[in-house]
Amino acid sequence: MGRAIASVTGDSRTQLLGWIAEANPARYAALAPRVLAVADLCAAAQEVVAQHVNAVVNMINDICEGNNYPVTLLGGLASATYAWLPASVQNVLTDPVGTSLDGACWLAKQQLLSQPSQVS
């Protein structure tokens with residue numbers, strides 16, 4: 001995993017610190033496919049993936065507890081994450097019916113429609 005990460009961040013202390021100083025969430029997210037690519041061969045990468053999967057499983061379990069809400073995975077790591085999820089969690093997931101932006105717009109519309117009209 002170290003080599004995979006260093007190929008992006010640089011392999012010297014100076015390069016790494018420079019990368020960290022300029023890194024934003026998107027740059028950190030760009031490391032995820034490299035970690036996933038070596039997870040079958042690297043114990044450290046397996047641990048990172050296991051922590052990620054555990055967090056996703058916990059979120060899904062919290063969402064599903066006591067209700068029947070549809071849950072889907074979206075984003076760049078969705079398919080890779082799905083492959084690592086236990087079958088019991090895979091079975092509760094549904095196919096996406098839109099993008100995350102579609103969902104945000106739908107929620108905003110629902111919120112607006114539930115508000116009393118403030119037109120005077």
Side-chain angles (χ1 to χ4, degrees):
M1 180 171 74
R3 285 189 204 113
I5 300 297
S7 70
V8 174
T9 63
D11 57 3
S12 74
R13 184 176 193 274
T14 302
Q15 290 171 320
L16 178 59
L17 291 175
W19 187 91
I20 290 170
E22 296 179 10
N24 59 21
R27 289 185 79 187
Y28 278 103
L31 299 175
R34 294 175 186 276
V35 173
L36 288 164
V38 298
D40 288 335
L41 308 171
C42 173
Q46 288 171 8
E47 179 58 28
V48 170
V49 172
Q51 289 177 19
H52 164 69
V53 169
N54 189 49
V56 171
V57 167
N58 288 338
M59 266 192 292
I60 291 170
N61 287 338
D62 288 347
I63 290 167
C64 292
E65 186 177 335
N67 63 62
N68 196 23
Y69 294 134
V71 178
T72 191
L73 297 178
L74 293 174
L77 294 177
S79 61
T81 299
Y82 183 87
W84 289 80
L85 293 172
S88 61
V89 174
Q90 289 179 354
N91 291 337
V92 303
L93 296 174
T94 61
D95 290 333
V97 293
T99 66
S100 55
L101 180 59
D102 294 330
C105 290
W106 182 86
L107 288 171
K109 182 178 178 183
Q110 295 305 309
Q111 183 67 27
L112 287 172
L113 293 174
S114 70
Q115 301 291 320
S117 177
Q118 296 183 3
V119 177
S120 45

*Which atom pair, heavy atoms only, marks the closest approach of Gln46 to Asp40?*
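Here Gln46 and Asp40 meet closest at NE2-O, 3.5 Å.
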*For the residue pair Ala45 and Ala39, what are the closest heavy atoms and their distance?*
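Between these two residues, the closest heavy atoms are CB-CA, 3.7 Å.
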Roughly how far apart are [X] [atom1] and [Y] [atom2], rounded to 0.5 Å?
X: Ile60; Y: Ser88; atom1: CD1; atom2: OG; result: 9.5 Å
X: Leu112; Y: Leu107; atom1: CG; atom2: CG; result: 11.0 Å
X: Thr81; Y: Leu74; atom1: OG1; atom2: CG; result: 11.5 Å

Verify same cluster id: [X], [Y] (apolar side-chain graph, 4.5 Å):
X: Met59; Y: Val53; answer: no
X: Ile20; Y: Val48; answer: yes
X: Leu41; Y: Trp84; answer: no

*Flag yes if more than 12 heavy atoms outside Gln51 fall under 6.0 Å of its CD atom; otherwise flag no.*
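Count over threshold, so yes.
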Side chains of residues 89-104: which donor-acceptor pairs under 3.5 Å do they make with residues two or more places apart or in other chains?
from   : atom 1 : to     : atom 2 : distance (Å)
Gln90  : NE2    : Tyr82  : O      : 2.6
Gln90  : NE2    : Leu85  : O      : 3.2
Asn91  : ND2    : Ala87  : O      : 3.1
Thr94  : OG1    : Val71  : O      : 3.2
Thr99  : OG1    : Leu101 : N      : 3.3
Thr99  : OG1    : Asp102 : N      : 3.1
Thr99  : OG1    : Asp102 : OD2    : 3.3
Asp102 : OD2    : Thr99  : N      : 2.8

Please set out all donor-acceptor pairs under 3.5 angstrom arising from side-chain atoms of residues 26-37, sequence neighbours excluded.
from  : atom 1 : to   : atom 2 : distance (Å)
Arg34 : NH1    : Ser7 : OG     : 3.1

*Would Arg3 and Val38 count as a side chain to side chain contact (heavy atoms under 4.5 Å, CB included) if you check the C-alpha gap in whole Å, the side-chain angles of each, and the deciding distance to 0.1 Å?*
CA-CA 10 Å; Arg3 285 189 204 113; Val38 298; over 6 Å; no
_Within-4.5 Å side-chain heavy-atom neighbours: Trp19 and Gln15_ =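 No; the side chains remain at least 4.5 Å from each other.
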